[in-house]
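Input: a single structure, listed below in structure tokens.
Just so we're on the same page: letters track the sequence lines, and every chain starts at 1.
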Number of protein chains: 2
Amino acid sequence: MPDRPPTLHDVAKHAAVSTATVSRVVNGGPVAEPTARVVRDAIRTLGYVPNPAARGLITGRSDVVGVLVPDLVGPLNAAIARGVEDVLEAHDKLATIMTDHRDEAREARRVATLVARRVDGLVLIGSHLDDAHLRDLVGDTPVVHVGAERPPGADGIPEVRIDNAAGIDAALGHLAALGHRDVAHLAGPRRDGAERRAAMHDLAPRHGLHLRAVVDTDFSEESGRAAGATLLAEGDATAVLCANDRVAAGLYAAARERGLSLPRDLSVVGFDDLPWSGYLDPPLTTVRQPGRALGRGAAARLFDPDAGGELAPVTPDLVPRGSTAPPPH
Amino acid sequence: MPDRPPTLHDVAKHAAVSTATVSRVVNGGPVAEPTARVVRDAIRTLGYVPNPAARGLITGRSDVVGVLVPDLVGPLNAAIARGVEDVLEAHDKLATIMTDHRDEAREARRVATLVARRVDGLVLIGSHLDDAHLRDLVGDTPVVHVGAERPPGADGIPEVRIDNAAGIDAALGHLAALGHRDVAHLAGPRRDGAERRAAMHDLAPRHGLHLRAVVDTDFSEESGRAAGATLLAEGDATAVLCANDRVAAGLYAAARERGLSLPRDLSVVGFDDLPWSGYLDPPLTTVRQPGRALGRGAAARLFDPDAGGELAPVTPDLVPRGSTAPPPH
DNA sequence: CGACAGTTTGTAAACGCTTGCAGTCGTCCC
DNA sequence: GGGACGACTGCAAGCGTTTACAAACTGTCG
């Protein structure tokens with residue numbers, strides 16, 4: 001191994017040409033074939049590898065994009081990161097992943113670090129930062145949000161989201177196919193909750209389903225248990241579509257308390273596909289957040305010049321497991 | 001936002017000093033307080049942020065370390081990455097995480113990419129590369145392995161591993177405390193398997209436990225089922241310590257087939273704490289791989305100048321769950 | 001045969017920063 | 001009072017690239 005990695009100069013000297021020529025060979029500039037051959041040989045024998053830092057100094061691009069992930073424990077965020085990496089790899093760029101931005105200040109600091117490093121773009125997953133602050137931090141570095149719960153009208157920074165309606169649609173189709181006619185919904189708050197609820201109202205009829213009841217939750221398991229108890233007391237739905245998996249877990253508890261057996265007496269569908277959803281008893285049929293596709297979409301957005309606003313939402317898919325079955329009777 | 005981020009020159013002009021002085025202020029060189037104040041003000045009003053690429057060109061350091069992770073799906077690798085990040089953050093460095101190096105060629109390419117970027121160090125998790133090839137790729141970039149299954153004697157590149165004996169010791173202590181006297185072991189292959197098996201032989205007596213049987217597996221669930229069936233046929237142990245969680249899951253199956261109820265008839269302990277281990281029925285008591293500590297150890301190693309070889313192994317901890325209970329009778 | 005377009009190559013000036021060296025002061029000591 | 005010494009500061013030379021710009025050819029065409 002060379003003590004000091006070879007530089008453009010070394011190659012130039014070795015090939016008896018100017019550094020400009022070597023640079024052109026490396027970056028595909030106009031250079032006569034014989035010369036190019038000599039240079040390529042020199043590069044090979046010296047084991048020359050361009051130093052991206054120097055190039056970046058001039059071009060202004062670092063070929064790195066920063067990814068901020070709240071955590072990597074669940075498969076969803078990991079999958080998103082993975083999707084981002086997919087497209088970065090295709091563009092010969094690198095991802096710098098930072099995790100665990102617990103609070104806004106911490107996250108802001110990290111964004112600043114990344115911007116200082118002149119990243120070519122930023123993918124923010126589940127960000128806390130409001131648009132104004134963010135804009136201020138990043139200057140004109142391209143940014144994309146993934147799955148941040150932001151107000152619907154927040155403009156400026158593009159965002160990749162899933163198509164909640166499509167997810168609900170898939171779940172309803174599944175239930176209809178099993179023979180259900182009467183469904184209920186444990187709804188959630190904020191934007192995702194609202195969209196899912198709206199989709200229930202819109203789409204249930206199209207599957208020939210009757211939406212018998214909607215009870216609110218705050219997305220937590222406990223609220224799911226409480227809302228589930230309320231729902232089950234009415235007892236005229238054979239299937240419940242939950243706003244997320246946590247709520248579904250709460251509904252499991254409520255059903256157990258009532259002495260119901262799942263999925264014999266009641267079918268349950270979740271939303272998100274959390275890591276443990278497949279290990280519930282019975283394993284939860286749920287709508288999976290398509291993490292990798294989300295990540296791909298976000299990264300693609302970074303390179304696409306076309307203007308801001310919303311991106312085409314990504315379609316989630318249904319994961320049929322043991323919590324759904326034909327209705328009783 | 002400025003069209004072009006301010007440079008050292010801009011600050012120097014604004015503060016009426018030379019760029020050298022500004023640089024010294026930024027990096028804590030010797031500069032008189034009044035001057036420093038003026039410069040600091042200029043930096044603040046201009047919003048100057050040093051460009052690490054330029055610095056790196058000169059100093060040779062990029063303040064980035066590369067982390068190669070096979071995947072981010074399980075909590076273990078994510079935790080390792082997190083641990084690495086912990087210590088990097090303390091050193092004002094950044095982690096560049098690349099995932100999914102499925103095969104050796106792909107991994108080699110990624111290592112090369114990272115080295116070309118002049119990373120300050122490399123943390124390789126579960127690497128496929130053999131030492132010679134790796135050495136060749138990285139030149140004198142510091143490298144640390146985490147949890148690679150390499151031959152025990154492989155020298156040169158430091159490696160962080162867990163203390164398998166300590167893990168076994170904790171598990172045995174747990175079983176002894178519950179009142180068990182007769183234990184068995186479903187052993188695994190390779191280095192980890194061998195160490196765990198050796199620890200069983202060494203340590204069981206010290207806990208007053210009698211190691212009644214050892215059956216081999218290949219770390220797979222199916223081999224665990226088969227080996228488990230063999231083991232249960234003998235039936236003189238009240239607790240089985242499995243080489244890993246997969247094997248333990250196999251043993252669950254074997255026990256079920258035999259009509260045994262866990263943990264009433266048999267206590268089972270796993271090793272690794274896979275994502276689903278807590279969702280088995282009963283939830284598996286297991287020895288958890290301390291991912292974050294592993295990551296911390298690895299990263300710390302990167303900065304420590306002290307010489308190669310093995311690192312102090314990291315102690316795993318026991319996660320008591322539902323698969324262990326006092327022995328029957 | 002000279003001008004002209006094209007092609008290929010080299011020259012040199014950036015890019016934003018660090019750092020060895022040398023200069024400029026003001027002090028201290030004998 | 002003069003030299004030595006320190007403490008600051010500026011000058012300028014890099015670091016490894018890219019990239020206008022210009023130079024040097026090769027043919028081509030009139």
Rounded to whole Å, please give me the gap between [atom1] in [X] and [atom2] in [N].
X        : N       : atom1 : atom2 : answer
His9(A)  : dA12(C) : NE2   : P     : 12 Å
Tyr48(A) : dG16(D) : OH    : P     : 10 Å
Arg24(A) : dA22(D) : CZ    : C1'   : 12 Å
Leu8(B)  : dA14(C) : CG    : P     : 17 Å
Asp10(B) : dC15(C) : CG    : C1'   : 13 Å
Arg4(A)  : dT17(D) : CZ    : C1'   : 14 Å
Ile43(B) : dC17(C) : CD1   : C1'   : 13 Å
Arg61(A) : dT18(D) : CZ    : C1'   : 11 Å

Side-chain donor-acceptor pairs under 3.5 Å in residues 53-70 of chain A, sequence neighbours left out?
{"unit_1": "Arg55(A)", "atom_1": "NH1", "unit_2": "Asn27(A)", "atom_2": "OD1", "d": "3.1"}
{"unit_1": "Thr59(A)", "atom_1": "OG1", "unit_2": "Arg55(A)", "atom_2": "O", "d": "3.2"}
{"unit_1": "Thr59(A)", "atom_1": "OG1", "unit_2": "Arg61(A)", "atom_2": "N", "d": "3.3"}
{"unit_1": "Arg61(A)", "atom_1": "NH1", "unit_2": "Asp63(A)", "atom_2": "OD1", "d": "2.9"}
{"unit_1": "Ser62(A)", "atom_1": "OG", "unit_2": "Val64(A)", "atom_2": "N", "d": "3.3"}
{"unit_1": "Ser62(A)", "atom_1": "OG", "unit_2": "Arg118(A)", "atom_2": "O", "d": "2.7"}
{"unit_1": "Ser62(A)", "atom_1": "OG", "unit_2": "Asp120(A)", "atom_2": "OD1", "d": "3.4"}
{"unit_1": "Asp63(A)", "atom_1": "OD1", "unit_2": "Lys93(A)", "atom_2": "NZ", "d": "2.9"}

Would you say the side chain of Pro290(B) lies within less than 4.5 Å of the side chain of Thr315(B), judging by non-hydrogen atoms?
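No, side chains not in contact.
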[N], OP1 or OP2 - any side-chain N/O from [X] closer than 4.0 Å?
X        : N       : answer
Thr7(A)  : dG16(D) : no
Thr19(B) : dC17(C) : no
Thr35(B) : dT9(D)  : yes
Thr21(B) : dG10(D) : yes

Side chain Asp41(B), main chain Val38(B), donor-acceptor under 3.5 Å:
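The answer is no, because no donor-acceptor pair under 3.5 Å joins these two groups.
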Please name all residues satisfying salt bridge (charged side-chain N to carboxylate O under 4.0 Å, His left out) with Arg40(A), sequence neighbours left out, ordered by chain then number.
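Testing Arg40(A) for salt bridge (charged side-chain N to carboxylate O under 4.0 Å, His left out), a comparison that skips the adjacent residues, returns Glu33(A).
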So what does [X] hit on the nucleic acid, given a heavy-atom distance under 4.0 Å: a base, only sugar-phosphate, or nothing?
X        : value
Val22(B) : nothing
Val26(B) : nothing
Ser23(B) : base

Taking only Lys NZ, Arg NE, NH1 and NH2, and the carboxylate oxygens of Asp or Glu, determine whether Asp71(B) and Arg82(A) approach each other closer than 4.0 Å.
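Judged by the 4.0 Å cut-off on N to carboxylate O distance, Asp71(B) and Arg82(A) do not form a salt bridge.
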Taking only Lys NZ, Arg NE, NH1 and NH2, and the carboxylate oxygens of Asp or Glu, determine whether Asp131(A) and Arg135(A) approach each other closer than 4.0 Å.
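Result for this pair is no, no salt bridge flagged.
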Return the 5'-most residue of the pair Ala20(B), Arg118(B) with respect to DNA chain D, ranking by each residue's nearest nucleotide.
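Nearest-nucleotide comparison on DNA chain D picks Ala20(B).
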As a test of understanding, state which of Asp317(B), Asn77(B), Asp272(B) forms a side-chain hydrogen bond (donor to acceptor under 3.5 Å, both in side chains) with Gln289(B).
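It is Asp272(B), the one option of Asp317(B), Asn77(B), Asp272(B) that forms the side-chain hydrogen bond (donor to acceptor under 3.5 Å, both in side chains) with Gln289(B).
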Quick one: which of dA12(D), dC8(D), dT18(D) gets closest to the side chain of Ala32(B)?
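The nucleotide sitting nearest to the side chain is dC8(D).
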Sorted by number, the residues of residues 49-60 of chain A with heavy-atom contact under 4.0 Å to DNA chain C
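The stretch gives Leu57(A), Ile58(A) as the residues lying under 4.0 Å from the strand, ordered by number.
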